[in-house]
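Reviewing the structure listed below.
Indexing begins at 1, ligand by ligand and atom by atom, following the structure's order.
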Amino acid sequence: MGAIGVFDSGYGGLTILEAIRQELPNHDFIYLGDNARTPYGSRSFEVVYEYTLQAVNRLFDMGCELVIVACNTASAKALRSIQQKDLIKRTDKKRVLGVIRPTTEIIGNLSKSKHVGILGTEGTVRSNSYAIEVAKFFPELTVHQHYCPMWVPLVENNEYATEGGEYFIKKDIEAILSMHEGIDTIVLACTHYPLLINQIKKYTPEHIKVISQGPIVAKSLKEYLDRHPDMNALLGKSGLCTYYTTENPSSFDRNAHHFVVGNVHSKHLHL
Ligand code: DGL
């Protein structure tokens, strides 16, 4: 039986995986973090596409029937090409889904003021994917976007709960809030950012909702599987989860406990 693959440039996708496993506790998962080549946020379209395609193909080779690209940067820069150019060449039914579409499908329901802030990596913000997708579902919404270049390195290096880390978090929150006084909802449009939630909330006025994507993506995946029983039938349901990293497994296991309940025993994989 096949597994659901969950891919991220590093640790961030674990925030998505955890939420998905709460929604689908019996399904089998393979997580792959490309920690050796993180961050993706400042890389070109071509490179993010190449790396993401390598990871997706490897997850397919390892038996995944469905891969969730649990990284906004890769969803913004590579997903459409993979779906339209690469999947189409396959004769099987393997599928790849991202994290931007499920978020933009519901985001307009959360904002009363119709001014939403998007915090992401440089790659996600410059791709303008959020504004383009939101316009399809909620044309009345104004999207204000800001990128936070230091936030992923703060997470990957476990430096976010420090004085230096908080300096950057405060600075970027102030920057997005200064874009429009009516912003009432902020989307953490990078899967690493929910790890910073305590620091983010400290500098965000209470009336502003701060949205993490994990539960949104998890609910959307469950609905997808309900709509696609043929795909669901191909998926193993023994509650297994295996972790792979392109970096050192022992440091992955040490850092992963910030994201995951319980112990992680990852294996090394070369892409
Ligand atoms: N976690 C990824 C995202 O959601 C970005 C991390 C990176 O820059 O590699 O965009």
Side-chain angles (χ1 to χ4, degrees), residues 5-20 31-56 67-80 82 96-104 107 117-133 145-160 165 168-169 172 176 186-197 200 210-218 220-221 243 245-247 252 255-256 258-260 271:
V6 177
F7 165 67
D8 182 52
S9 61
Y11 296 110
L14 292 170
T15 63
I16 302 286
L17 175 67
E18 281 295 283
I20 294 177
Y31 184 85
L32 171 55
D34 192 6
N35 301 78
R37 302 189 294 196
T38 198
Y40 281 15
S42 47
R43 294 186 190 273
S44 69
F45 268 87
E46 292 72 20
V47 170
V48 174
Y49 167 64
E50 183 194 328
Y51 289 180
T52 306
L53 183 60
Q54 281 174 357
V56 166
V67 172
I68 309 300
V69 175
C71 172
N72 285 271
T73 311
S75 294
K77 292 186 157 193
L79 184 64
R80 182 149 305 170
I82 292 175
V96 185
L97 301 172
V99 290
I100 296 179
R101 176 77 185 250
T103 310
T104 53
I107 195 61
I118 302 287
L119 293 175
T121 65
E122 183 175 356
T124 299
V125 168
R126 286 200 191 280
S127 75
N128 211 29
S129 299
Y130 271 87
I132 294 167
E133 288 294 314
Q145 304 183 73
H146 173 73
Y147 59 86
C148 313
M150 293 302 291
W151 289 19
V152 170
L154 288 174
V155 171
E156 289 286 324
N157 296 293
N158 197 16
E159 284 286 340
Y160 52 93
F168 288 106
I169 294 164
D172 287 313
I176 187 124
I186 292 179
V187 181
L188 303 182
C190 171
T191 55
H192 282 65
Y193 295 176
L195 258 283
L196 312 174
I197 193 76
I200 293 169
V210 180
I211 307 298
S212 297
Q213 295 174 294
I216 299 171
V217 173
S220 163
L221 176 59
Y243 297 87
T245 174
T246 56
E247 246 297 338
F252 183 89
N255 288 330
H258 297 290
F259 299 76
V260 172
L271 280 176

>> I want to know if ligand 1 touches Y40 in the polar sense, i.e. an N/O pair below 3.5 angstrom.
In response: yes
>> Looking only at protein heavy atoms, which one is nearest to atom 8 (O) of ligand 1, and what is the separation?
In response: G41 N, 2.8 Å
> Near T121, which atoms of ligand 1 are under 4.0 Å from a heavy atom of that residue?
Replying inline: 5 (C), 8 (O), 10 (O)
>> With a heavy-atom distance limit of 4.0 Å, tell me whether D8 approaches ligand 1 through its side chain, its backbone, both, or neither.
In response: side chain
>> Taking 4.0 Å as the limit for heavy-atom contacts, which would you say applies to T191 with ligand 1: side chain only, backbone only, both, or neither?
In response: both
> So which of I100, T124, N72, V152 gets nearest to atom 4 (O) of ligand 1, if we judge by its closest heavy atom?
Replying inline: N72
>> Can you name the atoms of ligand 1, numbered from 1 with element, that are less than 4.0 Å from a heavy atom of T73?
In response: 3 (C), 5 (C), 10 (O)
>> Regarding D34 and Q54, do their side chains bring together a donor and an acceptor under 3.5 Å, going by distance alone?
In response: no
> In the protein, which heavy atom is nearest to atom 2 (C) of ligand 1, and how far is it?
Replying inline: C71 SG, 3.2 Å
>> Within ligand 1, which atoms have a heavy atom of H192 less than 4.0 Å away?
In response: 1 (N), 2 (C), 6 (C)
> Within the side chain of S127, is there an N or O that forms a donor-acceptor pair under 3.5 Å with the backbone of K77?
Replying inline: no
> Of the non-hydrogen atoms in P215 and A19, which two are nearest, and what is the gap between them?
Replying inline: N-CB, 3.7 Å
> Relative to each other, are the rings of Y51 and Y40 parallel, tilted or perpendicular (30° and 60° limits)?
Replying inline: tilted
> Going by the order shown, which atoms of ligand 1 are within less than 4.0 Å of some heavy atom of T38?
Replying inline: 9 (O)
> If you look at every heavy atom in Y49 and A78, which pair is closest and at what distance?
Replying inline: CA-CB, 3.6 Å
> At what distance is the nearest protein heavy atom to atom 6 (C) of ligand 1, and which residue and atom is it?
Replying inline: S9 OG, 3.2 Å
>> I'd like to know if the side chain of T104 and the backbone of Y130 have a donor-acceptor N/O pair within less than 3.5 Å.
In response: no
> Can you name the nearest heavy-atom pair linking N35 to E156, along with the distance?
Replying inline: ND2-OE1, 3.5 Å
> How long is the span from the SG atom in C148 to the CD1 atom in I200, to the nearest 0.5 Å?
Replying inline: 8.0 Å
